Amino acid sequence: MGKRRLAKDKVIQYIFFIFAFVSIAILCMILYFLVREGIPVFGQVSVKDFLFGKYWYPTSDPPDFGIFPLIVASLLVTVCSAAIAIPLGVMTAIYLAEIASTRVKEIAKPMVELLASLPSVVIGFFGMVIVAPFLQDVFDVPTGLNLFNASLMLAFMSVPTICTISEDAIASVPIELKEASLALGATHWESIVRVVIPASLSGLSTAVILGMSRAIGETMVVLMVAGGAAMVPSSIFDPVRPMPASIAAEMGEAPFQGDHYYALFATGMVLFMFTLFFNFIADYISNKHRQVGAATL
Amino acid sequence: MKFNSLKVMIVLLCAFCLTTAAWAENLEIKGSTTVLPIAQKAAEAFMKIYPDVNVSVSGGGSGNGIKAIIDGTTDVADSSRFIKDKEVALAVKKGVYPVPFGVAYDCIVPVVHPTNPIKNLTINQLKDIYKGKVNNWKDIGGPDKKIVVISRDTSSGTYEVWEKLIMKKERVFPGALLQASNGAVAQAVAKNTYAVGYVGLSYLNKDLKPLTVDGVKATAENAMTAAYPISRVLYMFTKGWPTGTTLKFINFMMHPVKGQKIVAEAGYVPLY
């Protein structure tokens with residue numbers, strides 16, 4: 001009897017191992033194909049010309065495969081959206097975790113999370129049809145499909161991520177810390193700024209970086225509202241063409257296993273490295289500054 | 001290892017035999033989003049005539065369609081451009097001979113916002129606008145406003161025609177907004193007072209003002225007589241010379257009162 005139970009235990013262990021292994025195997029396979037389909041473009045252009053070339057004309061003859069404007073666009077869109085989303089997300093989280101009454105919290109928190117369930121194509125459509133004409137009228141810019149519009153839409157998408165993870169981080173600050181702070185005569189506000197926020201800083205940073213990595217990889221929104229001009233923008237109201245938009249727009253028509261096709265996969269590799277980098281930073285911060293109990297502040 | 005791959009081959013072969021046996025009357029159409037409206041309507045009408053044939057239609061782009069013909073995953077590939085040399089080489093290497101059938105003409109029409117006073121542009125003016133040489137409407141007789149140039153992404157079939165017939169191999173300047181579909185261009189121009197873009201004939205609507213090119217209006221008649229300068233042929237490719245159901249479908253497409261009527265209904269220009 002005992003032996004059988006042990007055997008069953010072993011089998012279950014293996015089954016779980018296989019399930020865990022499948023996702024890793026899939027990741028490795030995708031990576032392998034990404035690299036295999038992306039590397040050949042470097043027989044055509046040097047890595048330096050690819051990364052820092054200023055012109056993206058993949059179909060002209062001779063073609064130019066410079067993704068510098070696309071990289072700049074991706075980074076700018078991410079930074080600008082972070083500038084909008086971080087204050088919004090973190091402050092909402094502080095309000096929800098520390099200030100809001102239970103009733104307000106019960107209504108507001110699911111609402112913020114509902115924002116995350118909006119499909120990105122809906123947000124993109126909103127940006128294209130409502131926000132773009134609005135920007136044209138209000139700021140008198142030539143086109144509303146621009147860097148600013150894309151950043152705004154991406155901020156909408158990363159606020160729920162930032163807010164939810166931040167709220168968890170703030171809520172997990174040990175109550176003793178707050179009690180001690182209040183007992184020393186600090187006001188609620190002083191406790192939040194001097195104790196709660198520093199104690200949850202690693203969680204907040206993780207939240208921000210995960211929010212940003214969501215923004216940099218987002219495709220549909222930037223495809224619809226960023227404008228799509230492959231140039232280094234000179235103002236926040238210039239149209240841009242981030243990497244995911246370029247890949248999504250061109251992949252369908254690129255000749256199979258042609259140089260353009262390889263170049264798009266190589267762009268995907270660069271994009272993957274950016275998100276990987278963001279995730280590593282998030283991981284590093286959350287490990288390094290992990291709050292263990294109340295004693296490590 | 002060898003044994004394994006053999007086993008996989010056998011399994012695949014069996015699966016293949018089974019599917020072909022069970023779904024003998026299946027027709028797969030794939031490719032260009034420009035040809036998609038024609039293919040969809042044609043498929044519906046075709047299935048009414050041949051109820052035992054199941055036609056499935058999907059988009060994905062001209063490149064994807066031709067790739068599918070080369071891989072053998074589709075029977076008919078829609079394409080808004082002719083097959084490229086590299087694709088032919090790849091096909092021949094795999095022992096596939098794609099056969100093109102021109103099924104319709106399409107006009108590409110420059111469009112502006114309805115409030116724009118401009119009515120006509122010459123080919124040279126269009127070229128200068130898209131090269132970035134002319135960037136204000138006042139230079140070509142409009143208001144003193146910056147021109148918002150809207151183009152298609154460089155790998156689309158529509159762009160290719162534009163590049164060949166308007167740009168004459170010169171490049172569209174990097175500041176042009178690139179949209180991913182005809183619909184997106186139409187949407188962007190309709191929402192922007194000072195924009196100029198170009199769309200296929202079937203995408204014209206009341207929110208867009210079509211321009212005449214060198215004084216010629218974009219109509220079916222002008223496209224057929226080649227008086228209108230920016231038109232192209234739309235293709236369907238088959239894997240080798242079509243046989244069986246595929247042949248029936250191609251014959252249906254080319255039929256003057258069956259397939260070609262559908263071409264006109266979908267907003268394109270029939271062959272005859």
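What you are looking at is a predicted structure, and each value in this text was computed from that prediction instead of being measured. Here is how names work: the chains are called A, B, and so on, in the same order as the sequence lines, proteins then strands, and each is numbered from 1.
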task = Taking the side chain as every heavy atom from C-beta outward, state whether A:Tyr57 and B:Pro174 have any atom pair closer than 4.5 Å.
result = yes
task = Select one option (side chain, backbone, both, neither) describing which atoms of B:Val149 are under 4.5 Å from chain A's heavy atoms.
result = neither
ask   = For A:Val232, is it the side chain, the backbone, both, or neither that has a heavy atom closer than 4.5 Å to a heavy atom of chain B?
value = neither
query = Quick one: what part of B:Leu90 sits under 4.5 Å from any heavy atom of chain A, side chain, backbone, both or neither?
reply = side chain
ask   = What are the two closest non-hydrogen atoms of A:Met128 and B:Gln179, and how far apart are they?
value = CE-OE1, 4.2 Å
Interchain contact, B:Glu170 with chain A, by part (heavy-atom threshold 4.5 Å) = neither
query = At a heavy-atom separation under 4.5 Å, does A:Tyr261 approach chain B through its side chain, its backbone, both, or neither?
reply = neither
message = Treating B:Asn192 as the side-chain partner and A:Gly144 as the backbone partner, does any N or O pair qualify as donor plus acceptor under 3.5 Å?
response = no
Flag if over 12 foreign heavy atoms under 6.0 Å of NZ, B:Lys94 = yes
ask   = Going from CZ on B:Phe173 to CE on A:Met231, what distance comes out if it is rounded to the nearest 0.5 angstrom?
value = 7.5 Å
ask   = Is A:Arg241 close to B:Asp153 at the side-chain level, that is, under 4.5 Å between some pair of heavy atoms?
value = yes
message = So for atom OH, which belongs to A:Tyr262, do other residues, nucleotides or ligands contribute more than 12 heavy atoms lying within a distance under 6.0 Å?
response = yes
Crowding at NZ, A:Lys54 (>12 non-hydrogen neighbours, <6.0 Å) = no
query = In terms of heavy-atom proximity below 4.5 Å to chain A, should B:Arg81 be classed as side chain, backbone, both, or neither?
reply = side chain
inquiry  = Please classify the contact between B:Ala184 and chain A as side chain, backbone, both or neither, with a heavy-atom cut-off of under 4.5 Å.
reply    = both
note = Applying a strict 4.5 Å limit to non-hydrogen atoms, the region of A:Asp64 in contact with chain B is both
ask   = When only pairs under 4.5 Å are counted, which of A:His260, A:Met251, A:Glu250 shares the most heavy-atom pairs with chain B?
value = A:Glu250
ask   = So does A:Phe125 have more than 12 non-hydrogen atoms from other groups sitting under 6.0 Å from CZ?
value = no
note = Test side chain to side chain contact (heavy atoms under 4.5 Å, CB included), reference A:Pro142, set B:Thr193, B:Val148, B:Asn135, output is B:Val148
task = Determine the option with the most heavy-atom pairs under 4.5 angstrom with chain A, choosing from B:Gln187, B:Arg152, B:Lys145, B:Met167.
result = B:Gln187
key: Exercise: identify the closest heavy-atom pair between A:Pro62 and B:Arg171   = O-NH2, 3.2 Å
ask   = Relative to chain B, which of A:Ala132, A:Ala226, A:Ala248, A:Gly228 shows the most heavy atom pairs under 4.5 Å?
value = A:Gly228
ask   = Checking heavy atoms, do the side chain of B:Lys86, its backbone, both or neither come under 4.5 Å from chain A?
value = side chain
ask   = What is the distance from atom OG1 of A:Thr143 to atom CD1 of B:Ile147, rounded to the nearest 0.5 Å?
value = 14.0 Å
